[in-house]
Protein chains: 2
Amino acid sequence: MHAVQEFAYAVIVLETTDDAVPVGRREQNKIDTRRAIADAAIDLALSVGPGSFTVDQIAVRAGVSRRTFFNYFHSAEDALTVRTDGFLDLALEVFGRMPQDEPLFDSIIRAFTETTRMEGLSQHGALFRMADSNPDLLRAQLHSWERAEVRIVEGLRRRLGADASELYLTALVGSVLSCTKAAMRDWAAVSHDSTGNPGQELEERILAVLTMLRDGFSPRTTGPVSRA
Amino acid sequence: MHAVQEFAYAVIVLETTDDAVPVGRREQNKIDTRRAIADAAIDLALSVGPGSFTVDQIAVRAGVSRRTFFNYFHSAEDALTVRTDGFLDLALEVFGRMPQDEPLFDSIIRAFTETTRMEGLSQHGALFRMADSNPDLLRAQLHSWERAEVRIVEGLRRRLGADASELYLTALVGSVLSCTKAAMRDWAAVSHDSTGNPGQELEERILAVLTMLRDGFSPRTTGPVSRA
DNA sequence: CGAATTCTTGCACAGCGTGCAACAAGATGT
DNA sequence: ACATCTTGTTGCACGCTGTGCAAGAATTCG
């Protein structure tokens, strides 16, 4: 019994008008279920804290059986990484739309900074901070970045062709993601009590740190953004 | 009943003459037990493959109860990261011995390349490759690198003083570790059937990739090492 | 509508991770 | 050497995890 399914028609109409891709009922139900589970997990994590709830509770809240939960995610923490996955997937997609003749690092920087503007960032900060006190969640998030790294390397290989060695590609992408991760961590660490535009603050950090990476690290430039 | 403890005397003598730090029996037993567990886990992983054995099997092989295993490690995969932890700890220690007036990146590069020469690398490659087919082990390893990142940031902060922002530090260390990780992955991927000196091959990769990072990535240099 | 496909669900089961209390081994002081 | 305190080990119990399997329900297809 899908709790989600009650809204199936409405959602289909909305999604269809958006994508103009008439997706079947099966596929749509799976998308909805996945969403419902992820939302339930995030809600729970935000309310009672990460690691303080069971898979059963997520399943109940999502209107799904325990077994079905495990058909979609391997663990409770995995359900909390859909936001991270989504962000990185979107960044990759945006990157794919960049002009091929543009300098590589300009494309990379723009891909990430522009992605920041589209994504709802409200939950990202909280999720990031949770990882500080929850090793399992941290691992899940690290895995999420790792999976994205593989996809991005593939996308980059398509752009650079066979010129670049595998080592160069993985080192480059790994560094870019490490810097982005550092920027998001730093951004998430500052308390977001309605001070300025959060999205812009993140964008500035990403820009700063990726520029630093492009030009080579050097101790003289200690970075424009500093924290107490 | 420690199986390890049978050798307690001999080990103590050896260790004491090495370190000149007379460590108590308690502490020494813990070190031995930890070693025994880790060795048992790695042996099992190498023989039957990762994820194909239980904690009980590790405990039995280490001559320790199941409960004691969990006093030392949180999971079977955690016991497989002691090598990675050791490598990164050693690198940090070597880095700490570098002259303060040396250019930062020279110290970093030398710290890693020299660490490669001291560490027994036989198991590192195998452990790295295992992670490809075992998500849990991959997560554990990623976590290991993450923990090291924190320690290294701290060590670097001590060297750079308060000049460097937290964002700069984490981005720098994260990139360095990502590059090193990429080098080790690339190195581990090639089959090590007695072709040349494995240690040197790894060292070359680390040197290449960290130099690239220091000078800034640029698509013209596609990296000296290429794979089929 | 009937058949084929695919998803959900309940069940069962081995294994995980931890709190707890009893016990053993090492450390400490006289 | 002995009594005592501290610290580490062990077995037990218990709830939760993750997965294979088969039955049933929903969707798709002809």
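Since the model is a prediction, treat every value here as computed from it, not as a measurement. Atom set for the values below is all heavy atoms of this structure, side chains included, hydrogens, waters and symmetry mates excluded.
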Practice problem: Measure from CG on B:D78 to P on C:dG17 and round the result to the nearest Å. | Solution: 8 Å
Quiz item: Are B:K181 and B:E146 close enough for a salt bridge, meaning some N to O gap below 4.0 Å?
Solution: no
Quiz item: If only side-chain N and O atoms of B:T68 are considered, is one of them under 4.0 Å from the OP1 or OP2 phosphate oxygen of D:dT10?
Solution: yes
Self-check item: Nearest-nucleotide pick for A:R25, side chain only, options being D:dT28, D:dT19, C:dC16
Solution: D:dT28
Quiz prompt | Proximal nucleotide (of C:dT9, C:dA12, C:dC16) relative to the B:D56 side chain | solution = C:dC16
Self-check item: Six-ring centre of A:F73, A:R34 cation under 6.0 angstrom, axis tolerance 45°
Solution: yes
Quiz item: Atom CZ of A:R67 and atom P of D:dT17: how far apart are they, to the nearest Å?
Solution: 14 Å
Self-check item: Pair A:D39 + A:R83, salt bridge at N-O below 4.0 Å
Solution: yes
Self-check item: Atom-to-atom span, CD1 of B:I58 to P of C:dC16 - whole angstrom
Solution: 8 Å
Practice problem: Using the six-membered ring wherever Trp is involved, compare the ring planes of B:F112 and B:F87 and label them parallel, tilted or perpendicular (cut-offs 30° and 60°). | Solution: tilted
Practice problem: Report yes if a side-chain nitrogen or oxygen of B:H74 is closer than 4.0 Å to either non-bridging phosphate oxygen (OP1 or OP2) of C:dT18; otherwise report no. | Solution: yes
Quiz prompt | Interatomic distance where CZ belongs to B:R34 and P belongs to D:dT9 [whole Å] | solution = 11 Å
Quiz item: Within less than 4.0 Å of OP1 or OP2 of D:dC16, is there a side-chain N or O belonging to A:T54?
Solution: no
Practice problem: Compare side-chain N and O positions of A:Y72 against OP1 and OP2 of C:dC7 and report whether any pair is under 4.0 Å apart. | Solution: no
Quiz item: Quick one: do A:R139 and B:D78 make a salt bridge, cutoff under 4.0 Å?
Solution: yes
Exercise. Using whole Å, report how far CG of B:N71 lies from C1' of C:dT18.
Key: 10 Å
Practice problem: Mind calculating the distance between CD (B:Q57) and P (C:dG15) to the nearest angstrom? | Solution: 8 Å
Exercise. Go through C:dT8, C:dC7, D:dA13 for me and flag the one nearest to the A:T33 side chain.
Key: C:dT8
Quiz item: When the distance from CD of B:E77 to P of C:dC16 is rounded to whole Å, what number comes out?
Solution: 9 Å
Self-check item: Pairwise 5' ranking along DNA chain C for B:R26 and B:F69, keeping only the more 5' one
Solution: B:F69
Quiz item: What is the distance from CG of B:D136 to C1' of C:dG15, rounded to the nearest Å?
Solution: 13 Å
